[in-house]
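The sequence lines fix the lettering, A, B, ..., with proteins before strands; numbering per chain opens at 1.
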2 protein chains.
Amino acid sequence: MTTKIIVDTQAATKTAPTRRGRGRPQSFDRAQALCAAMRLFWDRGYDGTSFDDLTAAMGISASSFYNAFGSKEALYQETIDAYVKRAGAWFTTILQEPTDTRSTFAHLLTTAATEFTRDDLPTGCMIAAAATQCAPTQARLRDLLATQRTQSETALVTRLQQGIQAGDLPPDTDIKALAAFYSALLRGMAVQARDGIPRERLHEIARIAMQAWPTPP
Amino acid sequence: MTTKIIVDTQAATKTAPTRRGRGRPQSFDRAQALCAAMRLFWDRGYDGTSFDDLTAAMGISASSFYNAFGSKEALYQETIDAYVKRAGAWFTTILQEPTDTRSTFAHLLTTAATEFTRDDLPTGCMIAAAATQCAPTQARLRDLLATQRTQSETALVTRLQQGIQAGDLPPDTDIKALAAFYSALLRGMAVQARDGIPRERLHEIARIAMQAWPTPP
DNA sequence: TTATTTTTGTAGTCATCGCTCCATAAATCC
DNA sequence: GGATTTATGGAGCGATGACTACAAAAATAA
């Protein structure tokens, strides 16, 4: 029932097989720096995280920063990717579990309740409510995040479609609407988490939300 | 069933009875300027709205700005107040309607679906997901918004409590959890709205959410 | 009319923002 | 060893952020 989440830096490092080549070697662990940046962006958002905040947390200088990551915006995109692949991996993992559709969604919500209130990571979700209000100059960023949100909702649609094929759900179920409902709920839970709601309350929300699960006719 | 929302500037002006006194008179309509600022903050958030954006939209100079509103942060607080009292008034209005509790909540959700997708105002809610990720220097702002969110959830709790007293709800209903559920959903719907979800889809979400309403034993 | 009060317009100020330049350091290739 | 390549440290840059100083303008009070 529990899902093992790996956010540790060491584990991340293994995926970066220490490139050997000419030139002076990097004096810092790129994956570790990326992880530090992700936590900062997650906690404070894009605008709320200054360049100096980043270099300080990553333990590198401005030149190393630009040499390794290109720009603040490029780094942000990388941290979003890292979040999806690592800290937020529970989402896709659970959707691939070989249980029935209702159990899968119940598991998704209870895991969200737990993940959104971990004490070793920022609360809530890095993407759920990010950049919904931003300057027109940040349109690319807003679109990037909106796209991520759309993709996660699409993943719910896909899983519900499989549920219909498996006979878990009535064939006439409005799966787009049902996906939108659980999607909205998860985003709201993320906001609640950032406001400091207790984990147990989030679990109660999850329990109530499963009451809305469609009943066979 | 429909709720009349007044956001028009003219209507707002009537509450400011044109102070007469010594000194040069203000050359602009304060309520109108406040309304323009509210729309800007609502659409772009606090950080995403620059001082120049504000003065341009309000049609006033920097000195007039500070003379009339004190600071950017003070203006933001005023716009939040204006939002709660005017553009977001449907929320408290509906909670005071003399219908049964279930109908009240159903009305709340369908109205949210409609209000979050008006074409004469920014989409979504000004407060629902604002400043959940921000710099530590903006702690006051974040707390201000978190407080507003807490208050709206408390209003739901109060209404549910009345429902128990009226016999609309089973006495053992976990009203705090139920309020948290609908609160989370509304916030998620606001995020969806900002991502451009169609109004009809929001109405479907509202319909599904009412399936979670507690059933008498 | 003159004094007083308040608002306005213009031209700044100062801090911070993300970012860049360039000389130097540390590795590999020949 | 010398050439080449890549990364680092440190200084600083232009743009923008919110905000302010100050004199002139426009009203009322005496």
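- Nearer to the 5' terminus of DNA chain C, by closest-nucleotide assignment, is the contact made by B:Gly23 (compared with the other of B:Ser63 and B:Gly23).
- One finds a side-chain N or O of A:Ser61 lying less than 4.0 angstrom from the OP1 or OP2 phosphate oxygen of D:dG9.
- Between A:Asn67 atom CG and C:dC22 atom C1' the separation is 14 Å, expressed in whole Å.
- Spacing between atom CZ of A:Arg44 and atom P of C:dC17 amounts to 11 Å, rounded to whole angstrom units.
- Computed from coordinates, the A:Phe51 CZ to D:dG14 C1' distance equals 15 Å when rounded to whole Å.
- Here the side chain of B:Ser50 is nearest to one of C:dA27, D:dG17, D:dT20, namely D:dG17.
- When ring centroids are compared, B:Phe91 and B:Tyr83 stay outside the 6.0 Å threshold.
- Here the C1' atom of nucleotide D:dA18 and the CG atom of B:Leu54 are 11 Å apart, to the nearest Å.
- Put simply, OH on B:Tyr66 is 12 Å from C1' on C:dT13, counting in whole angstrom units.
- At a threshold of 4.0 angstrom between heavy atoms, the contacts of A:Thr137 with the nucleic acid are absent.
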Donor-acceptor pairs under 3.5 angstrom involving side-chain atoms of residues 123-137 of chain B: please list them, not counting sequence neighbours.
residue, atom, partner, partner atom, Å
B:Gln133, NE2, A:Trp42, O, 2.8
B:Gln133, NE2, A:Met126, O, 3.3

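- Taking atom CZ of residue A:Arg24 and atom C1' of nucleotide D:dA7, one finds them 5 Å apart after rounding to whole Å.
- We find that A:Arg201 and A:Glu204 are joined by a salt bridge, their nearest charged nitrogen and carboxylate oxygen being less than 4.0 Å apart.
- Per the geometry, CZ belonging to A:Phe65 stands 13 Å off C1' belonging to C:dC17, to the nearest Å.
- Side-chain nitrogen and oxygen atoms of A:Ser27 include at least one within less than 4.0 Å of the OP1 or OP2 phosphate oxygen of D:dT8.
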> Would A:Leu40 and A:Thr79 satisfy side chain to side chain contact (heavy atoms under 4.5 Å, CB included), going step by step from the backbone distance to the final call?
Replying inline: CA-CA 10 Å; A:Leu40 221 48; A:Thr79 62; over 6 Å; no

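- Nucleic acid contact class of A:Ala62 (heavy atoms, under 4.0 Å, all strands): base.
- Using a 4.0 Å heavy-atom distance criterion, A:Thr55 is classed as making no nucleic acid contact.
- A donor atom on one side chain and an acceptor atom on the other are not found under 3.5 Å apart for A:Arg118 and A:Thr114.
- Ranking C:dC19, C:dT28, D:dT8 by closeness to the A:Arg22 side chain, first place goes to C:dT28.
- A:Gln138 places its CD atom 14 Å from the P atom of C:dC17, with the value rounded to the nearest Å.
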